[in-house]
Each structure stands twice: as structure tokens, then as C-alpha cells.
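Only one structure is covered here, and it is reproduced in the block below.
This one's a predicted model, so the numbers in the text were calculated from it and none came from an experiment. Both counts, for ligands and for their atoms, begin at 1 and track the order of listing. Heads up: numbering here begins at 1 and tracks the sequence. FYI, side chains are in, hydrogens and waters are out, and symmetry mates aren't considered; it's all heavy atoms of this structure.
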Amino acid sequence: MTAPRRADCAARDEADALAPLRDFFDLPDGLIYLDGNSLGPLPRPAIARVNRTLRTEWGEGLIRSWDSAGWWDKPLALGARIAPLIGARPEEVVVGDSTSVNTFKVVVAALRMRPDRRVIVTDRDNFPTDLYIIDSAAELAGDYSMRRVETPDDVAGAIDESVALVALTHVDYRSARLYPMDEITRAAHDNGAVIAWDLSHSVGAVPLDVDGCDVDFAVGCTYKFLNGGPGSPAFLFAASRLHDVARQPLVGWHGHARPFGFEPNYEPAPGIRRFACGTPPILSYASLEGSLEIWDHVELAELLAKGQELCNLLIELLEPCFVPGRFELISPRDSRLRGSQVTLRHPEARSFLAALARRGVIGDHREPDLVRLGIAPLYLRFVDIWDAADTIREILSAGRVARRD
Ligand SMILES: Cc1ncc(COP(=O)(O)O)c(C=O)c1O
């Protein structure tokens with residue numbers, strides 16, 4: 001089979017009904033941005049939304065905007081907009097705090113739900129913040145032991161009736177390997193354990209069905225594939241069946257049943273609001289709200305399928321360059337096992353990425369030798385993938401990238 005030519009890719013873009021979505025983004029000219037899995041680019045609707053929040057809501061509305069501009073309800077209103085992207089009901093998601101903070105909330109809430117159990121299962125290669133937070137939350141909550149599995153295949157075998165919580169990241173941030181959410185959630189529940197998923201690299205990138213899989217808790221970032229902006233607040237999902245029983249530890253006044261009662265004792269608000277904590281970042285909500293407008297124009301299944309096609313194309317184009325020990329594919333080749341990211345191994349990954357950046361292709365580096373290329377179907381074209389692969393081939397054929405390239 002002959003490799004696709006640039007003209008073939010241009011023809012695919014021409015025929016692509018999703019191609020106009022790119023116009024929602026303010027992308028620098030001449031740049032191919034393959035880092036939307038770290039920080040998504042600026043969506044044009046976010047500019048308008050932030051300006052309105054600054055000028056009208058803050059500038060003119062002042063304190064009145066907590067009610068008149070709906071600031072008070074933003075954590076729930078934005079949660080309801082993220083819900084369909086993860087397969088949740090609108091009343092099951094709240095937006096606020098960071099993913100790290102939300103992880104702390106759900107880990108402690110989960111451990112409190114299983115007071116007689118003393119084991120937590122997680123993944124040795126989980127994102128470091130998850131590992132740190134799980135360890136610290138467990139230390140505060142009591143005397144727990146950790147089972148850190150090495151691969152997704154080891155998870156089911158690590159779960160037994162001593163396990164209180166299984167806490168995993170759905171798409172591995174290094175390799176883009178996908179954990180089977182339905183199977184693992186079932187294994188956790190069959191053994192009476194609570195499950196919590198970190199969806200930071202999944203939301204807006206792969207199909208998700210947290211309710212269909214009967215997930216207990218989930219958290220995730222909004223500044224990656226959701227393009228909410230640097231530091232945009234994270235989301236927290238809790239299944240509605242748990243709202244009345246789960247007790248999260250960061251009991252701030254925004255999660256109180258009567259915040260303006262200013263009562264000395266805490267009483268959780270009904271529903272998902274009990275997972276909120278303190279005054280949220282309204283300007284960051286505005287940029288996230290603007291970026292979420294784009295998803296109203298998206299047929300999600302089609303978009304996510306396009307993401308996988310773009311990943312497959314990149315792998316196909318780079319295939320002839322793969323040489324064991326020199327330049328290798330780390331992500332699974334099978335798109336059913338992969339997030340929307342292609343990870344490569346290059347012994348001089350840092351210089352290789354610098355050489356790519358000088359030629360207008362932005363990816364990122366993970367120690368020691370990984371090159372991560374995030375593939376965001378909202379704004380990437382088939383020709384972008386062809387051009388990026390061509391640039392990669394050119395750098396590889398020029399020889400050692402460290403030379404000073
Ligand atoms: C899987 C995962 N969890 C959490 C985070 C970061 O969380 P926070 O928003 O608290 O910095 C990241 C950031 O890249 C991540 O990849």
C-alpha cells in the first residue's frame with residue numbers, strides 16, 4: 001500500500017464536514033499545534049466571553065453579578081455542559097478547583113465510604129499529582145497500603161475484598177494507553193470497592209460513558225482537549241446515587257446547604273454542590289464557558305472518530321522511520337486502546353522537539369526520551385498531520401538532532 005500523499009490529505013480536508021470547526025480557534029499562522037493535550041489553543045468564543053465578564057459583568061454589574069450574571073450557579077451550569085462529554089447526567093458534574101484538589105476530595109470521600117477496608121489500588125505510572133494526593137489523603141485518613149499495578153492488564157488481579165478504592169487515570173499521560181473503564185469498574189464493584197477515574201486526557205478526546213459504566217467518581221482538567229485556558233477549573237463527577245452518602249473533606253461555604261445563613265456548623269448542600277468548596281475563579285469560568293460553546297456545534301462521535309483517524313494517519317506516515325532503539329512508537333497501534341495522542345521515543349527527545357518547534361511544529365517532552373504529540377480533531381487538519389510527519393522525517397534524515405539543529 002502506498003503512503004498517503006499530501007494531495008490525498010488535502011482532499012480529505014476538503015470533504016471533511018468537521019473542518020469548519022477550526023475557524024473557532026485563533027491559531028498562530030504557520031504553526032502546527034500538537035500540544036492541545038497539555039494546553040488547548042485560544043477559542044475565539046472565549047475572547048468574547050471573557051471580555052463580557054470583564055467589562056459588563058464585573059465592570060458594570062459588580063457584586064450584583066453573583067446573581068444577575070449567574071456567577072453563583074456557574075459551577076453547576078458549567079458542570080451540566082461538561083456532563084454530556086463524559087456520559088453523565090447534568091446534575092452529576094460540578095466545575096471548580098484543580099484536578100489535584102478534586103482528586104483529594106473524591107479519594108477521601110471514597111475511603112470514608114469503605115471504613116473497614118485498608119487497601120488502595122492505583123497505577124505505578126499514574127500522573128504524579130494523583131499519586132501524591134492519593135498517598136497524602138490515605139495518610140490523613142488512616143493506615144492504608146498501596147497496590148500500584150504496572151499495566152492495565154494487572155488491575156483486575158489486584159482488586160479483592162480488602163480494597164477500598166481503585167483510583168486510575170483513564171488515558172495514560174505518557175503512552176496514551178487507554179484503561180478499559182467498563183471492565184475495571186465492574187471488577188471494582190464486584191469486590192465492593194469504590195472507583196475513581198481521572199479523565200484529564202480523556203474528556204474531549206475519547207468516547208466516555210461514566211453512567212453507562214456505573215462509575216462512582218471522576219475528575220478531570222478542562223485546559224487540555226476542552227481548551228478552557230491556562231489554569232481553567234477542573235470538573236468533578238459523582239454519581240447521583242452517592243450524593244447523599246459521600247462526604248468530601250473540603251467543606252467550604254460554597255458547598256453548604258445555606259451559604260448565606262453564615263452558620264457556625266457545616267451542613268452539605270443537596271446534590272453535587274456539596275463537592276464545591278470556596279469562591280470560584282469567575283474569569284477562568286468565562287474562558288471555559290466560551291470554549292464549551294464550540295462543543296454545541298459538534299457531533300461528538302464523529303469528532304472523536306476523526307481524532308483517531310488523524311492519529312492513525314500520523315502513525316502510518318511515520319511507520320517507515322521506526323527503528324528499534326532510535327525512533328519508536330510508544331502508544332498502542334490499535335486505536336481502541338489509545339487516547340488522542342501519539343507518543344514516540346527518541347533518544348534525544350528534547351533536542352528533537354526543539355528542532356521540530358523551530359520548524360513550526362509544537363509537541364512536548366516527557367522525561368527521559370518521550371515525544372508527545374497531542375491530536376485534537378477540533379482544529380487539526382489532515383494536511384497538518386502530513387506536514388508534521390514530513391517535518392519529522394526531514395529532521396530524522398538530517399541525522400543527529402543534538403548537533404545544534
Ligand atoms: C492525568 C492528570 N491529572 C491531573 C493533572 C493536573 O492536575 P492540576 O489541574 O491539579 O494541575 C494532569 C496535568 O497534566 C494530568 O495529566
Discussion item. So, using ring pair (Phe, Tyr, Trp, His ring centres under 6.0 Å) as the criterion, who are the partners of Trp295 when residues are at least two apart?
Written reply: none

Fill in: Validation row: Phe104, Leu140 side chains within 4.5 angstrom (heavy atoms)
yes

Fill in: Which residues share a salt bridge (Lys or Arg N to Asp or Glu O under 4.0 Å) with Asp172, sequence neighbours left out
none

Worksheet item: Does Arg89 offer a backbone N or O that forms a donor-acceptor pair with the side chain of Asp211 under 3.5 Å?
Response: yes

Worksheet entry | Listed partners of Pro90 passing side-chain contact (heavy atoms from CB on, under 4.5 Å), at least two apart | Ala80

Worksheet item: For Asp198 and Ser200, which heavy atoms make the closest approach, and how far apart are they?
Response: OD1-OG, 2.7 Å

Item to complete: Non-hydrogen atoms closer than 4.0 Å to ligand 1: which protein residues do they belong to? List them by chain and number, please.
Response: Ser98, Thr99, Ser100, Phe127, Thr129, Asp130, Thr169, Asp198, Ser200, His201, Cys221, Tyr223, Lys224

